[in-house]
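Model, not experiment: these values are computed from the prediction.
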Amino acid sequence: MAGGTGRTAILMGLFDGAPFLDDQLTSFAHQTVPDWDLTVSDDGSQDTGPRMVTDFARAQNAKGRSVALIAGPGRGVAANFLSLLAGLAEGTAWAALSDQDDVWLPDRLERGQEALSGLPPEVPALFGSATWIVKEDLSNRRQSPRFSRPPGFRNALVQSIAGGNTMLLNRAGVDLARAAAAETLAADCLPVTHDWWLYQLISGAGGQVIRSEQPTVLYRQHGDNLFGTNLGARAALKRLRMVTSGDLAAWTACNARALSVSAHRLTPENRALLDRFTCIRTQNMVSRLCSFRELGIYRQGRAGQAALWLASALGRL
């Protein structure tokens, strides 16, 4: 087994997740990195999910792993995960985020640690990956879209390129996320999603974001998904509707407000970029398009970039 040193804190948000929870918990036990602990924040489940976690804890505690079930804030997914991040112990070597309904491939943690272990320890770093998109019964594997452009803050402002279910933070990334999550919760200024916020935070602070095109997770699609796959023509049409309806504008505005709480943690260049990005929303169309081009903001893929130009032209960015 390769990878880094130190224990991994797995953070899971739970809400009525019993139908698929056993598969996910079992995939933790099968990880090639054995040194992990799990904290599950339950946001008010009315099913047997919490009891399943308690049963899992008894088996894992006997193997030297800590499995804790705590009460969530009851304010939705983003608040639940930010609370988990804010509650991480000082000195946590690694932190991995997990959904309640997926299945991790056995080397999910190992591959993330391998990718981040060669970086300077003082650099905040985030690993994320592609996924295998599967049906409810885990059949019909299809790989999530491949991204060719590099990760960066100019991309993070308008797009999340990795799901939280694939993310791993190194120690410096944990320190940054823990502090920023605490101040974001205190300001009661939540982002749209925790994983998009992490991408913005780490890249904006001058950290390293690494995305692997090799899947690490079976991303289960079912009727209760909060956010589904972005694969296929239907997803492309949905993105276009987000632009024309103003949903994209609402999301970017929400994220910008949340990120501004921790703007002092960004590099000077990225603080200025965030300010300019926020300001172009109030400009007339010609000035807005000129400013948009100057900022160099981008989405992955030609269709995504075209939708972004359309949003800028319509004042829906």
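Counting all heavy atoms, side chain and backbone alike, G17 lies closest to D47 at N-OD2, 3.1 Å. Of all non-hydrogen atoms in N170 and L116, the two that sit nearest each other are N-CD1, 4.0 Å. Residues L190 and A79 approach most closely at CD1-CB, 3.7 Å, considering heavy atoms. Closest of all the heavy-atom pairs between D43 and R75 is OD2-N, 3.9 Å. What you find for R7 and W36 is that their closest heavy atoms are NH2-O, 3.2 Å. Among all heavy-atom pairs drawn from P151 and Y199, the shortest one is CA-OH, 3.3 Å.
Legend: residues meeting side-chain hydrogen bond (donor to acceptor under 3.5 Å, both in side chains) with S83, ordered by chain and number and at least two apart, are absent. A272 is linked by a side-chain contact (heavy atoms from CB on, under 4.5 Å) to nothing, counting only residues two or more places apart in sequence or in another chain. With sequence neighbours excluded, the residues satisfying side-chain hydrogen bond (donor to acceptor under 3.5 Å, both in side chains) with S129 are T216.
Using a 4.5 Å heavy-atom threshold, the side chains of W104 and S98 count as touching. For the pair E183/S262, a side-chain contact is recorded, criterion being any heavy-atom separation below 4.5 Å from C-beta on. Between Q100 and F20, the closest side-chain pair of non-hydrogen atoms is not below 4.5 Å. Side-chain contact between T8 and Q113 is present, with heavy atoms from C-beta onward closer than 4.5 Å. Proximity of L11 to L88: side-chain heavy atoms (C-beta onward) are separated by under 4.5 Å at one or more points. Side-chain atoms of L317 and L308, non-hydrogen and from C-beta on, do get closer than 4.5 Å to each other. Taking the side chain as every heavy atom from C-beta outward, T166 and Y219 never approach each other to under 4.5 Å. Side-chain contact between F15 and V77 is absent, with no heavy atoms from C-beta onward closer than 4.5 Å.
Under the 4.5 angstrom side-chain criterion for Ile, Leu, Val, Met, Phe, Trp and Tyr, V123 has no cluster partners at all. L105 belongs to a hydrophobic cluster whose other members, connected by ILVMFWY side-chain contacts under 4.5 Å either directly or through intermediates, are V103, W132, V134, L138, L218.
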Just distance, no hydrogens or angles: give the donor-acceptor pairs under 3.5 Å from side chains in residues 204-211, sequence neighbours left out.
residue: R211; atom: NE; partner: E213; partner atom: OE2; Å: 2.9
residue: R211; atom: NH1; partner: I161; partner atom: O; Å: 2.4
residue: R211; atom: NH2; partner: P145; partner atom: O; Å: 3.0
residue: R211; atom: NH2; partner: E213; partner atom: OE1; Å: 3.2

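Summarising the geometry, atom OG belonging to S117 is positioned 4.0 Å from atom CH2 belonging to W94; distances are rounded to the nearest 0.5 Å. Atoms CG and CD, from L168 and E110 in turn, are 12.0 Å apart once rounded to the nearest 0.5 Å. How far CG of L169 is from CZ of F127: 12.0 Å, rounded to the nearest 0.5 Å.
For S291 (side chain) and R288 (main-chain N/O), no donor-acceptor pair under 3.5 Å exists by modelled atom type. Between the side chain of R65 and the backbone N or O of Q60 there is no donor-acceptor pair closer than 3.5 Å. Put simply, the side chain of R111 gets close to the backbone of P215: a donor and an acceptor are under 3.5 Å apart. With hydrogens and angles disregarded, a donor-acceptor distance shorter than 3.5 Å links the side chain of R220 to the backbone of E136. Using modelled atom types, one side-chain atom of D16 and one backbone atom of Q46 make a donor-acceptor pair closer than 3.5 Å. Panel note: side chain R149, backbone G301; no donor-acceptor pair is recorded below 3.5 Å. Judged purely by atom type and a 3.5 angstrom limit, S312 has no side-chain atom pairing as donor or acceptor with the backbone of W309. Here the side chain of N255 pairs a donor or acceptor atom with the backbone of V192 at under 3.5 angstrom. Side chain of D99 to main chain of D102: no donor-acceptor pair is present (N/O by atom type, distance under 3.5 Å, no hydrogens or angles). T48 places no side-chain N or O within 3.5 Å of a backbone atom of R51 that could act as its donor or acceptor partner.
Taking a cutoff of 4.0 Å between a charged side-chain nitrogen and a carboxylate oxygen, E269 and R154 qualify as a salt bridge.
Put simply, Y298 and F292 are part of two different groups of oily side chains (I, L, V, M, F, W, Y) that touch within less than 4.5 Å, one to the next. Connection of V261 to F153 is not established within any shared hydrophobic cluster, with ILVMFWY side chains joined at heavy-atom distances below 4.5 Å, either directly or through further cluster members.
For E122, the CD atom is densely surrounded, since the number of other residues' heavy atoms within 6.0 Å is greater than 12.
Using cut-offs of 30° and 60° for the angle between ring planes, the H194 and F81 rings count as parallel.
A donor-acceptor contact under 3.5 angstrom links the side chains of Q24 and S27, judged on distance only.
L69 pairs with exactly one of L38, T39, V53 by the side chain to side chain contact (heavy atoms under 4.5 Å, CB included) rule, that one being V53.
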